[in-house]
Amino acid sequence: MADRVRRKLRVLFATAEAVPFVKTGGLGDVSGSLPRALRKAGCKVNVILPKYGSIPQKFVDQMKHVADFYVPLSWRNCYCGVEKLTYMGTDYYFIDNEGYFKRDAPYGYFDDGERFAFFSKAVTESLQQVPELECDVLHCNDWQTALAPVFLREFYKEAPWYDTTKTVFTIHNVKFQGQYSEDLLHDVLGLDLTPAASQLRMVDSHGNRSINYMKAACLYSDTISTVSPTYAKELQTPFFGEGLDYIFRERSWCLHGILNGIDTEEFDPATDEGIAAKFTAETLDAKAENKRALQEELGLNVDPTRPLVAMVGRLTSQKGMGLVTYAMDRLMSRGVQVAILGTGDSDIEDSLRYFDWKYNNQMRAIIAFDNNLAHRMYAGADIFLMPSEFEPCGLSQMIAMRYGTLPVVRETGGLMDSVEAYNQYTGEGTGFRFANINGDEMADVLLNACEVFWTQPEVWRHLQENAMAEDFSWHKAANDYLDMYHELHPEVIRYNVKR
Ligand code: GLC
């Protein structure tokens, strides 16, 4: 039997967020743990991201200056410093330009379109200027890095590495595409006289014209991926595709759906120092102490017989918050406890504050970003609710399962791929699912879950054990990414012949 020996590929992973330096959502978590897993799976990975003003000083102090040069952006030449820091064995490179990035938050500014055009151009320019960043695969993530594959193909045709550098574009959320005024084509991108101009342009159904960074990335990248197999299918439909579905259908031959993993070391009830009592699937009884402590901390009635339903995440309509506020009175009338942690749209925050006031010792809304409390909620709750309208992957439902907290999810994206529905005939499953964006249907399924909790404790325990036994590590995903990279580099260096 012959065994192919693959070359060790060099990957440059470009992202706008990476834990522990900066995070606003799941992109930060994924970029924090995937590169390490890729390295373990057998490639050389460098990560490149902006040097924001909000990066903690202790990391800034460890950065070493590697290079500086000017990045051409239309008629401008912008300063670009490259600084390096090694964290847990992975090399991170930070793009330094204080005018663009020394601000309090990563996004939310009038010139975001220009800031991330600069970042994307700085990435391609680094391939040219910083020899240690040369790579076989440039792996870009979401709209903030979407112009890099476009710049690469339009401006670097003469570069010796042009043909050997392949590009991958990963979509973490198609809702955010980076749409800006057409003026940027000439004024900022300098792409107005290239073929990219027409690929960037977009006209919506109302006749409004714009340019769209993600659209261009999907057309220019050598391959596309997204963060779950179901979302890869959903993207090809008008409901989920957000105007780009026709591109995903046309390029479905190179659209990969790879389910994210989670950091199984950070989220481990057996070793988590931040929770009231550590536990494993074998010592599940100790989970009760976490529930008691959480009820007490949140000012809910301390009562083991009340199912405690938790939600942690962004409070936006994407996350199905409309269904939750719709169904709240019904859930409360059945004696369920609900605890919600997160920040988001102010109308949703306000309705949750109202329920918190109305059902004082039965419902708690903590309008904050609090990672430590999140751990205590994953550990202490019985049920984790995630009724998202769409969910490219979703990480919280996997974290909850690791803590023996059973998820109730809508059947979409990564929720569909990570939660196996409870089957009352076989007693198998890892959680509960409902199909439609409908508050009554959600409440029906959630109350059904409560019924199992109340009346069939041994079934509940079995589901908890199933959920805790699932493998949500990055191991499988990293190997799938590696296979995808190698599809772009089919060359094999030698065959090992086994006898
Ligand atoms: C985005 C998506 C989320 C996904 C995360 C990481 O935040 O909304 O579903 O888990 O990216 O890929």
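Side chains included, hydrogens not; waters and symmetry mates left out as well; all remaining heavy atoms used. Read the numbers this way: they start at 1 and go in the same order the structure lists the ligands and their atoms.
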To the nearest 0.1 Å, how far is atom 4 (C) of ligand 1 from its closest protein heavy atom, and which atom is that?
G394 N, 3.7 Å

shortest atom 1 (C) of ligand 1-to-protein heavy-atom contact is with H172 O, 3.3 Å

Tell me: protein heavy atom nearest atom 3 (C) of ligand 1, and distance?
E391 OE2, 3.4 Å

Atom OH in Y107, atom CZ in F176: separation rounded to 0.5 Å?
10.0 Å

Between N173 and Q318, do the side chains contain an N or O donor and an N or O acceptor separated by less than 3.5 Å?
yes

Part of R314 within contact of ligand 1 (heavy atoms, under 4.0 Å)
side chain

Pairs satisfying ring pair (Phe, Tyr, Trp, His ring centres under 6.0 Å), at least one member in residues 371-395, at least two apart
F267-H375, Y378-F384

Any residue meeting side-chain contact (heavy atoms from CB on, under 4.5 Å) with N448, in chain and number order, not counting sequence neighbours
none

Taking the six-membered ring for Trp, are the ring centroids of Y87 and F21 within less than 6.0 Å of each other?
yes

Nearest-0.5 Å distance that lies between atom OG1 in T15 and atom CD1 in I48
11.0 Å

Any N/O pair G25/ligand 1 closer than 3.5 Å
no

Do any nitrogen or oxygen atoms of N260 lie less than 3.5 angstrom from nitrogen or oxygen atoms of ligand 1?
yes

Near V227, which atoms of ligand 1 are under 4.0 Å from a heavy atom of that residue?
12 (O)

Of all protein heavy atoms, the one nearest atom 5 (C) of ligand 1 is G26 CA, 3.8 Å

Among all protein heavy atoms, pick the one closest to atom 8 (O) of ligand 1 and tell me residue, atom and distance.
Q318 NE2, 3.4 Å

Numbering the atoms of ligand 1 from 1, which are under 4.0 Å from a heavy atom of N173?
8 (O)

Under the side-chain contact (heavy atoms from CB on, under 4.5 Å) rule, what do W143 and D112 come out as? Steps first, then yes or no, please.
CA-CA 11 Å; W143 72 269; D112 282 357; 4.2 Å; yes

Could you check whether R402 pairs with D263 (Lys NZ or Arg NE/NH1/NH2 to Asp/Glu carboxylate O, under 4.0 Å)?
no

Below 4.0 angstrom from a heavy atom of V30, which ligand 1 atoms are there? Numbered from 1 as shown, please.
6 (C), 12 (O)

